[in-house]
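One structure is given here, and the rest of the page talks about it.
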Amino acid sequence: MAKLLTNRDDNYAQWYNDLVTKADLAENSVVRGCMVIKPYGYAIWEKMQAQLDKMFKATGHVNAYFPIFIPKSFLSKEAKHVEGFAKECAVVTHYRLKKDEKSDGVVIDPEAKLEEELIVRPTSETIIWNSYKNWIQSYRDLPILINQWANVVRWEMRTRLFLRTSEFLWQEGHTAHASREEAIQETEKMIDIYSDFAENYMALPVIKGYKSENERFAGAINTYSIEALMQDGKSLQAGTSHFLGQNFAKAFDVQFTDKNGKLDYVWATSWGVSTRMIGALIMAHSDNNGLILPPKLAPVQVVIIPISKNTQQASEISEVAVKIKDDLISKGISVRYDDRENNTPGWKFTNYEFKGVPVRLAIGPRDLQNKTVEIARRDTLAKETIPVQDVTTHVIKLLDDIQANIYNKALNFRNDNTWYINSWEEFTDIIENRGGFIMAHWDGTVETEEKIKQETKATISCIPIDSKEEEGKCIYSGKPSKRRVLFARSY
RNA sequence: CGGGGUGUAGCGCAGCCCGGUUAGCGCAUCUGGUUUGGGACCAGAGGGUCGCAGGUUCGAAUCCUGCCACCCCGACCA
């Protein structure tokens with residue numbers, strides 16, 4: 001049998017790459033650093049979008065759309081913000097091409113130079129706050145709770161499909177509030193939504209926390225994140241929520257009159273998740289047989305494969321299969337009945353396994369005779385034969401089981417790979433030889449964080465929200481520390 | 001931008017060191033037939049600017065020079 005996939009334990013990076021391309025999720029584009037998201041991969045994104053959008057709307061948010069181009073001058077209005085993004089911005093300088101006289105191609109028309117260059121958005125705080133300035137006068141105009149689904153561009157040196165590309169898809173929420181407390185509450189509400197989504201839909205256990213000063217979003221007072229552990233022991237930031245304080249309100253002069261008639265700057269938040277989550281989904285659950293997708297995000301939840309010796313049988317099987325399919329669809333389950341004749345059942349088994357379809361039903365002559373169906377689950381590869389009349393109830397239950405099992409498996413993996421350690425020797429040993437999450441004391445200084453990063457490539461993924469206070473000594477400097485923080489090598 | 005590597009059919013590769021008929025193999029594709037309970041088999045067919053440009057030579061995928069592209073490792077980052 002031809003090898004489809006690089007072994008996960010031999011070369012994790014190559015395994016991931018093989019999965020993404022061979023499962024038809026995405027491919028590299030001719031444009032360096034950009035990817036083509038193929039229909040199967042995009043379908044996962046659409047499922048994520050649909051669920052998140054529902055959750056945003058349920059908490060009072062509305063969608064809007066702001067331009068992809070940002071005047072260059074906007075970016076420099078918030079000092080930290082420029083510093084964070086200036087190095088990776090694509091810039092539009094002209095608005096017209098013309099035919100080249102010498103060759104057959106086109107050249108930039110030098111006559112068509114823009115008065116002010118436009119930046120392709122790396123994120124939209126500036127262009128949005130420029131609008132909010134006009135929308136907000138009084139506390140009655142607040143809060144503004146807007147989200148946008150968009151693409152952004154950050155010119156990356158090295159890219160990897162889904163995990164880091166120069167252009168990516170995401171949603172960015174941008175909210176404006178009358179008080180500091182309300183804005184902080186919003187920031188926390190959104191990180192809770194992300195965490196809820198990750199755990200209950202992606203089946204991905206996450207650690208909620210906030211970023212150290214070093215890792216914080218450019219322009220934020222505080223950045224919250226959810227951090228997930230991948231199967232190679234590296235952590236991945238799956239979502240962020242920022243409390244922006246009054247930084248952008250001040251930069252764009254957005255003031256409002258409060259209930260007492262006093263003028264004050266508006267409080268802001270922003271939060272986002274991106275197509276990167278698809279990378280997290282893949283790396284957290286999949287195995288050497290291919291993708292493993294949680295039922296709640298799988299584009300196809302059930303595949304039905306007929307096995308027939310002749311056309312007579314084929315039509316009898318088809319009758320049973322279509323009935324099952326229709327019944328499942330009526331219960332809101334997405335089903336594919338694959339009766340193509342150009343591939344054998346064996347080929348289809350392997351193929352759908354590779355693509356991570358959670359449940360497979362097979363119907364052959366034996367089943368026809370016994371009024372049964374073979375049902376197989378992708379997560380454990382277990383098979384059983386059940387009576388036809390039980391299929392729908394069985395599938396519904398099985399999809400829930402699989403969702404829960406994938407989550408528990410990921411949770412157990414994380415628990416088995418989370419280390420509470422107290423010495424530098426242990427720290428370096430685990431980083432070098434084991435990987436995983438390390439909970440350790442840190443003295444709270446940027447210098448120590450930098451030193452640790454330089455010596456081990458480990459960074460502070462986050463300072464977990466629920467980590468309890470305890471006396472300890474910084475593993476690096478030995479200085480006193482009040483709580484453990486989460487260290488890991490990360491994506 | 002530093003260090004390493006690779007460009008030959010849609011994909012994966014051999015051939016290059018040591019120049020010599022019509023450039024080959026596996027997968028995929030197409031046609032016909034037999035098959036179908038874990039990647040089926042037989043027969044036939046189509047598909048190539050050998051990364052680009054120049055040079056050496058009677059003759060270049062192969063040797064020489066220059067260029068380009070992509071990949072991996074580092075610096076940057078979600």
Side-chain angles (χ1 to χ4, degrees), chain A residues 1-6 11 13-14 17-18 21-22 24 27-33 83-89 122-123 152-172 194 211 214-218 220 223 225-228 235-242 270-280 289-290 305-311 313-314 317 338-355 360-370 372-376 381 383 385 453-454 457 459 461-462 490-491:
Chain A
M1 185 166 75
K3 199 180 72 171
L4 286 170
L5 194 57
T6 302
N11 187 342
Q14 191 56 47
N17 235 334
D18 282 2
T21 54
K22 291 184 181 172
D24 283 328
E27 63 188 24
N28 277 305
S29 155
V30 289
V31 183
R32 188 190 154 80
E83 218 178 285
F85 287 109
K87 285 165 286 182
E88 49 189 44
C89 284
T123 178
V152 286
V153 169
R154 296 178 191 175
W155 213 262
E156 298 290 349
M157 304 278 189
R158 281 188 58 210
T159 58
R160 291 192 65 191
L161 292 166
F162 289 119
L163 300 174
R164 177 166 299 108
T165 46
S166 290
E167 181 195 16
F168 58 92
L169 305 183
W170 77 346
Q171 59 67 218
E172 46 180 326
Y194 289 155
K211 291 288 186 183
N214 223 14
E215 301 281 327
R216 200 176 288 157
F217 173 73
T223 289
S225 71
I226 49 171
E227 305 284 334
S235 82
L236 185 144
Q237 176 181 308
T240 53
S241 182
H242 314 291
S270 68
W271 27 273
V273 294
S274 73
T275 38
R276 186 181 220 212
M277 286 193 305
I278 297 174
N289 294 314
I305 297 170
I307 302 156
S308 57
K309 308 271 187 207
N310 52 54
T311 51
Q313 252 171 21
I317 288 167
D338 188 351
D339 61 350
R340 290 176 302 173
E341 281 169 12
N342 47 342
N343 294 112
T344 61
W347 185 91
K348 291 174 188 171
F349 288 180
T350 316
N351 186 248
Y352 288 105
E353 225 159 74
F354 195 85
K355 291 200 152 192
R360 180 187 73 230
L361 302 176
I363 307 169
R366 276 208 307 269
D367 298 300
L368 219 48
Q369 195 164 26
N370 304 331
T372 56
V373 173
E374 183 188 81
I375 184 165
L381 300 175
K383 285 192 283 200
T385 301
K453 183 179 176 179
Q454 276 167 23
K457 288 180 192 152
T459 55
S461 291
C462 74
S490 70
Y491 278 99

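Only a predicted model underlies this, so the values are computations on that prediction, with no experimental measurement involved. Residue numbers start from 1 in every chain, and the chains themselves are labelled A, B, ... in the order their sequence lines are given, proteins ahead of strands.
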query = Just checking A/P306: base, sugar-phosphate only, or nothing, at a heavy-atom cut-off of under 4.0 Å?
reply = nothing
ask   = At under 4.0 Å, does any side-chain N or O of A/R160 touch on OP1 or OP2 of B/C72?
value = no
note = A/E341 CD to B/U34 P, in whole Å, measures 13 Å
request  = Please state whether the phosphate of B/A78, meaning OP1 or OP2, lies under 4.0 angstrom from any side-chain nitrogen or oxygen of A/S274.
outcome  = no
task = Return the value, rounded to whole Å, for the distance between atom NZ of A/K87 and atom C1' of B/C1.
result = 15 Å
Euclidean distance, A/R216 CZ relative to A/T240 OG1, rounded to 0.5 Å = 13.5 Å
task = Pick the C1' atom in B/G19 and in B/U57, then give their distance to the nearest Å.
result = 9 Å
task = Pick base, sugar-phosphate or nothing for A/E156, based on heavy-atom distances below 4.0 Å to the nucleic acid.
result = base
task = Report the distance from atom OH of A/Y194 to atom C1' of B/A78, rounded to the nearest whole Å.
result = 12 Å
message = As an exercise, state the distance from CD1 of A/I307 to CD of A/Q313, rounded to the nearest 0.5 Å.
response = 10.5 Å
Integer angstrom distance from the P of B/G51 to that of B/G7 = 8 Å
inquiry  = For the P atoms, the ones on B/C27 and on B/G66, what distance do you get once it is rounded to whole angstrom?
reply    = 41 Å
ask   = Going by heavy atoms in the side chains, are A/R164 and A/R154 under 4.5 Å from each other?
value = no
inquiry  = Between B/G38 and A/K383, counting only base atoms on the nucleotide and side-chain atoms on the residue, is there a donor-acceptor pair under 3.5 Å?
reply    = yes
inquiry  = Mind checking if A/S490 touches a base, just sugar-phosphate, or nothing, with heavy atoms under 4.0 Å?
reply    = nothing
query = When the C1' atoms of B/U35 and B/C42 are considered, how many whole Å apart are they?
reply = 11 Å
key: Point-to-point distance, once rounded to the nearest 0.5 Å, from OG1 of A/T311 to CD of A/E341   = 9.0 Å
ask   = With sugar-phosphate meaning primed atoms plus P, OP1 and OP2, does A/F168 contact a base, only sugar-phosphate, or nothing at under 4.0 Å between heavy atoms?
value = base
query = With a 4.0 Å cut-off on heavy atoms, is A/L163 in touch with a base, just the backbone sugar-phosphate, or nothing at all?
reply = base
Length of the line joining A/D338:CG and B/U36:C1', which is rounded to integer Å = 13 Å
note = Rounded to the nearest 0.5 angstrom, the CZ-CZ distance for A/F168 and A/F162 is 13.5 Å
remark   = note: A/K457, atom NZ; B/G74, atom C1'; distance rounded to Å ~ 8 Å
inquiry  = From C-beta outward on A/R360, which listed nucleotide comes closest to its side chain: B/G38, B/A78, B/C76?
reply    = B/G38
request  = Look at all strands and tell whether A/D367 reaches a base, only sugar-phosphate, or nothing, counting heavy atoms closer than 4.0 Å.
outcome  = base
note = Under a 3.5 Å limit on both distances, the Watson-Crick or wobble mate of B/U31 is B/A43
remark   = Taken to the nearest whole Å, CZ/A/R216 to P/B/A78 is 13 Å
